[in-house]
Amino acid sequence: MNSAWKMFRFFETEPTARKYLTSCYDSMGLEHAERLAFQQSSRFLFLWKQARQFYTTAATADLSIQPLLLFYGCSHLLKGMLLTRDPSYPQNSRVLQHGVTTRKLKRSTYLLLEDEVRPQKEGFFALLAQLFHLSPMQDRYSMHDLFASIPAISDVYAALSEKPQHWLQVHWSKTHTADQASSDTQSWAEIAFPEKMDGPLAYSAETFVQYINRVAPDSSRLQLSWREGNAKRILLPETALSALDQHPLFRWQEHRLFFWNGSSDSLPLPEWASHFLLLYLLSMLCRYETEWWGELVLSHGLAERYLVELFLEHHMSSYPTVIMRQIQQKNSSLPHGLPFCDG
């Protein structure tokens, strides 16, 4: 299983859960942090334990019920992450609702890739979107938007849907430069972009660097410089590499770096959100559209089956790491002896 589970198991005892939540609430400047942590520690530890059990069961479950198990496992991971930032959760019964909905399905003409999900103004997803400043939010997200937003499966999705692939893998390497004034050696990362005649990769060097920083949240602005030469290359401090995971135009996937070459008007959702919305829709099909879902599972005549299986496999192997990185970004007080989660 994903190595992040080794770190999550650290939260599965009351003393360690309480101690970690106390450090989170202290870092937020909250009064009575220890008392708040004590009140939430049992909920916190059981969320991680149940999440792990959902994923363990899903790993050996039949495709016919796998999305349902993974949706609840995913929800529990998100709730655990939420408790590290919001000691008042759940504030009321409304935030216990999923916070998303999907349209009624017409079985005779239903096509998975033409379906969509709609965020609601209240509920669990709305609370997460507010907490993580997910804005502006669209009224609806098509399955195209959601599948295309995941780098690891974007090439397969582009081939099946015959739509452009916006996530492109970029190559990076470490380099060193000498500071003549201090005789110190500085470590930098060099990112090389493929040549493209469309999208942001068609911009001039100056415009491209400005664009990368313009769409970044304040916390993800980067110190960039353009590498001389014909190829599109930028330099950034090596210490800033990890910050790229919080930038909307970049994604780390299994030690590979991807760049979003699509329109700035439709930036991809962060992975914690796109996975949740995809699993919500797939679990709804699994629960309520059993005839269509049964045909997908049992038949080899639907190309969507391969895409769904690929997404579910990728979700199980990567999503715990996505959540752990979100937690580490907010609070780095985990013990040094725990293994670093690479996914």
Side-chain angles (χ1 to χ4, degrees), residues 113-114 116 133-175 177 188-271 273-274 277-278 307 310-311 314 318:
L113 300 183
E114 293 181 3
E116 60 188 24
H133 309 291
L134 187 59
S135 62
M137 271 243 284
Q138 299 178 23
D139 293 336
R140 64 195 67 190
Y141 291 94
S142 68
M143 293 299 278
H144 165 68
D145 295 331
L146 298 175
F147 277 123
S149 71
I150 301 176
I153 65 172
S154 61
D155 54 345
V156 172
Y157 177 70
L160 289 176
S161 64
E162 299 182 348
K163 294 181 181 293
Q165 180 182 351
H166 296 312
W167 281 115
L168 302 175
Q169 186 174 352
V170 295
H171 298 283
W172 66 278
S173 59
K174 297 179 182 179
T175 185
T177 59
W188 293 78
E190 180 180 88
I191 301 176
F193 297 87
E195 293 290 339
K196 288 289 181 179
M197 300 302 294
D198 60 346
L201 288 177
Y203 296 167
S204 67
E206 182 179 0
T207 302
F208 183 71
V209 171
Q210 290 175 349
Y211 169 71
I212 289 177
N213 275 324
R214 178 171 59 83
V215 302
D218 291 338
S219 60
S220 297
R221 292 186 181 274
L222 301 168
Q223 177 189 342
L224 303 172
S225 62
W226 193 260
R227 188 85 168 189
E228 295 294 333
N230 295 326
K232 289 183 171 65
R233 299 174 184 269
I234 59 172
L235 289 173
L236 71 160
E238 184 183 345
T239 54
L241 272 176
S242 60
L244 289 179
D245 208 45
Q246 304 300 322
H247 195 292
L249 298 178
F250 293 90
R251 290 284 190 279
W252 284 107
Q253 295 276 303
E254 298 174 347
H255 307 291
R256 296 178 297 166
L257 183 61
F258 291 84
F259 175 76
W260 177 262
N261 196 45
S263 169
S264 61
D265 295 329
S266 58
L267 293 175
L269 285 169
E271 287 203 87
S274 58
L277 295 179
L278 274 168
L307 184 64
L310 186 65
F311 164 68
H314 170 66
S318 68

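Quantities reported herein were computed from a predicted structural model and do not represent experimental measurements. Because only heavy atoms are used, hydrogens play no part in the values below, and waters and symmetry mates are left out as well, while side chains stay in.
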Is the shortest heavy-atom distance from the side chain of [X] to the side chain of [Y] under 4.5 Å?
X: Phe259; Y: Leu201; answer: yes
X: Arg256; Y: Pro151; answer: no
X: Tyr141; Y: Ser149; answer: no
X: Asn261; Y: Phe193; answer: no
X: Tyr157; Y: Leu113; answer: yes
X: Asp145; Y: Ser266; answer: no
X: Trp252; Y: Leu257; answer: yes
X: Trp260; Y: Phe250; answer: no

Let me confirm one number: the [atom1]-[atom2] distance from [X] to [Y], rounded to the nearest 0.5 Å.
X: Ser154; Y: Gln253; atom1: OG; atom2: CD; value: 9.0 Å
X: Leu278; Y: Ile153; atom1: CG; atom2: CD1; value: 7.0 Å
X: Ile191; Y: Ile212; atom1: CD1; atom2: CD1; value: 7.5 Å
X: Leu249; Y: Arg214; atom1: CG; atom2: CZ; value: 9.5 Å

> Where do His247 and Val215 land on the side-chain contact (heavy atoms from CB on, under 4.5 Å) test, with the steps shown first?
Replying inline: CA-CA 8 Å; His247 195 292; Val215 302; 3.8 Å; yes

For [X] versus [Y], what's the shortest heavy-atom pair and its separation?
X: Trp172; Y: His255; result: NE1-O, 4.1 Å
X: Pro248; Y: Ala216; result: CD-CA, 4.3 Å
X: Leu168; Y: Lys196; result: CD1-CE, 3.7 Å
X: Gly262; Y: Tyr211; result: O-OH, 4.1 Å
X: Ala192; Y: Arg233; result: CB-NH1, 3.5 Å

> Among His144, Arg140, Met143, whose side-chain contact (heavy atoms from CB on, under 4.5 Å) with Glu116 holds?
Replying inline: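 With Glu116 as partner, His144, Arg140, Met143 yield a single side-chain contact (heavy atoms from CB on, under 4.5 Å), made by Arg140.
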
> Are more than 12 heavy atoms from other residues, nucleotides or ligands located less than 6.0 Å from atom CG of Asp139?
Replying inline: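 At most 12 heavy atoms, drawn from other residues, nucleotides or ligands, come within 6.0 Å of this atom.
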
>> Apply side-chain contact (heavy atoms from CB on, under 4.5 Å) to residues Trp188 and Glu238 and explain how you reach the verdict.
In response: CA-CA 4 Å; Trp188 293 78; Glu238 184 183 345; 5.9 Å; no

